[in-house]
Amino acid sequence: MAENDYDAFAAAYDADNEVNAWNAYYERPAILALVGEVAGLSVLDAGCGGGAHAAELIARGAIVTGIDSSAGMLQIAQRRLEGRVRLLQADLSVALPFEDQAFELILASLVLHYLPDWSGPLREFNRLLPPGGRLVFSTHHPFMDHPSSGHDNYFETYSFDETWQRGEKQIAMRFWHRPLHAMFGALKSAGFLIDIVSEPQPDPQAATLFPQAYQSLTSTPRFLFFSVVKT
């Protein structure tokens, strides 16, 4: 079974993503709060998935382009967004099909931990922003994935595998752990200045809807959020 084959479970993943504690009541509200005011801005949603973040960006007045490597997820985004967003299939590990400084803001939600090397994607993000443009992204918190990965050395960058259950399907997933110093170093090398690093709390509604998940999210870091600026 191929790793990270979102086409194989796009509908089941998107349905779960819409309502679960980790995405709907933790990651999505946190990263959208970090994005802030976007009215009139040209925004690239890099790794847009089924379009949940893009829908909120549009509602706030942004002009949004979405890219994803999964054709199945883009089909869901197309149905959700009804032509209000330009959607393209694209791979973050290669050059992106946009002109220099094409966007004022780039949002990358839970996508960089799929990549073995951040240097190329971050250089591309830098190219696509004007000076002062922002990249806002979320990724696995290294203190979350390292204890469960079975790997001995936290300070290395390494891959680890998980199996997800979505509906009746078991899905093979592969992620990349990188220590904090590697994240900061990659951002600096790509020409970004770190503005905010956030370890947010979940939406308080999760306390009633998902009490066990809420307890976990309020006591153990899950994702790490960055707002960085092109120098």
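A donor-acceptor pair under 3.5 Å is formed between the side chain of E37 and the backbone N or O of A39. With hydrogens and angles disregarded, no donor-acceptor distance shorter than 3.5 Å links the side chain of R79 to the backbone of G50. Between the side chain of S148 and the main chain of D145, a donor-acceptor pair closer than 3.5 Å is present. Between the R222 side chain and the H140 main chain, no donor and acceptor come within less than 3.5 Å of each other. The backbone N or O of Q89 lies less than 3.5 Å from no partner atom in the side chain of D68, so there is not a single donor-acceptor pair.
Closest approach of T208 and P211 over heavy atoms only: O-CD, 3.7 Å. Counting all heavy atoms, side chain and backbone alike, A190 lies closest to N126 at O-ND2, 3.0 Å. Across R174 and D161, no two heavy atoms sit closer than the pair NE-OD1, 2.7 Å. In terms of heavy atoms, I67 sits closest to L96 at CD1-CD2, 3.9 Å. Shortest non-hydrogen contact noted between A21 and A213 is CB-CB, 3.6 Å. Heavy atoms only, all atoms of each residue included: G51 and A77 are closest at N-CB, 3.9 Å.
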Determine whether R80 and E18 satisfy the following criterion, salt bridge (charged side-chain N to carboxylate O under 4.0 Å, His left out), listing intermediate values before the conclusion. CA-CA 12 Å; R80 180 200 303 269; E18 282 293 300; 2.9 Å; yes
Worked check of side chain to side chain contact (heavy atoms under 4.5 Å, CB included) between F155 and H181: CA-CA 8 Å; F155 294 102; H181 76 267; 4.2 Å; yes
Could you walk me through whether L224 and L180 pass the side chain to side chain contact (heavy atoms under 4.5 Å, CB included) test, one step at a time? CA-CA 10 Å; L224 192 61; L180 279 174; 3.4 Å; yes
Assess the residue pair Q205 and Y25 against the criterion (side chain to side chain contact (heavy atoms under 4.5 Å, CB included)); give the C-alpha distance rounded to whole Å, side-chain angles, the decisive distance to 0.1 Å, and a yes or no. CA-CA 7 Å; Q205 294 181 78; Y25 292 91; 4.0 Å; yes
Between L135 and F192, is a side chain to side chain contact (heavy atoms under 4.5 Å, CB included) present by the stated rule, with each step listed? CA-CA 9 Å; L135 164 64; F192 287 105; 4.1 Å; yes
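One finds the OG1 atom of T231 at 10.5 Å from the NZ atom of K188 (value rounded to the nearest 0.5 Å). Atom CG of L44 and atom CG of L88 lie 9.0 Å apart (nearest 0.5 Å). If you take CZ on F184 and CZ on R178, they are separated by 13.5 Å, rounding to the nearest 0.5 Å. Taking CZ from F103 and CG from L129, the interatomic distance works out to 9.0 Å, rounded to the nearest 0.5 Å. The CD atom of E3 lies 9.0 Å from the OG atom of S159; values are rounded to the nearest 0.5 Å. Considering CG of D14 and CD1 of I76, their distance stands at 4.5 Å, rounded to 0.5 Å.
In this structure, L92 and S69 have side chains that are not in contact, with every pair of non-hydrogen atoms separated by 4.5 Å or more. Counting only heavy atoms from C-beta outward, the side chains of L193 and V228 never approach each other to under 4.5 Å. A 4.5 Å side-chain heavy-atom check between P202 and T218 finds at least one atom pair inside the cut-off. Within the 4.5 Å cutoff, no side-chain heavy atoms of P179 are placed close to those of P142. Using a 4.5 Å heavy-atom threshold, the side chains of T65 and F98 count as touching. Residues I194 and V229 form no side-chain contact, since every pair of their non-hydrogen atoms from C-beta on lies 4.5 Å or further apart. The shortest side-chain heavy-atom distance between M73 and Q78 does not fall under the 4.5 Å cut-off.
Cluster annotation: L112 and V197 are assigned to the same hydrophobic cluster (Ile/Leu/Val/Met/Phe/Trp/Tyr, side-chain heavy-atom contacts under 4.5 Å, transitive). Hydrophobic cluster membership differs between M183 and M144, with clusters built from Ile, Leu, Val, Met, Phe, Trp and Tyr side chains linked at under 4.5 angstrom.
Using a 3.5 Å distance cut-off with no hydrogens or angles, the side chains of D7 and S70 do pair a donor with an acceptor. H53 and E27 form a side-chain donor-acceptor contact under 3.5 Å, judged by distance and modelled atom types alone. Looking only at atom types and distance, the side chain of N20 has a donor-acceptor partner in the side chain of N23 under 3.5 Å away. S149 and H177 form no side-chain donor-acceptor contact under 3.5 Å, judged by distance and modelled atom types alone.
Under the side-chain contact (heavy atoms from CB on, under 4.5 Å) rule, W176 has a single partner from D117, T157, T139, which is T157. Between W118 and the options F137, F125, F226, a ring pair (Phe, Tyr, Trp, His ring centres under 6.0 Å) holds for only F137.
By the neighbour-count criterion of 12 heavy atoms within 6.0 Å, atom CD of Q215 is sparsely surrounded, having that number or fewer from other residues, nucleotides or ligands. With a 6.0 Å radius and a threshold of 12 heavy atoms from other residues, nucleotides or ligands, D100 has its CG atom above the threshold.
Between E104 and K230, none of the side-chain N atoms (NZ, or NE/NH1/NH2) sits under 4.0 Å from a carboxylate O, so this pair counts as no salt bridge.
Between W164 and F175, the two ring planes are tilted [angle within 30° to 60°].
Through chains of ILVMFWY side-chain contacts below 4.5 Å, V38 is grouped with W22, Y26, I31, L32, L34, V35, L41, V43, L57, I58, V64, L74, L81, V85, L87, L105, L107, L110, V136, I196, L217, F223, F225.
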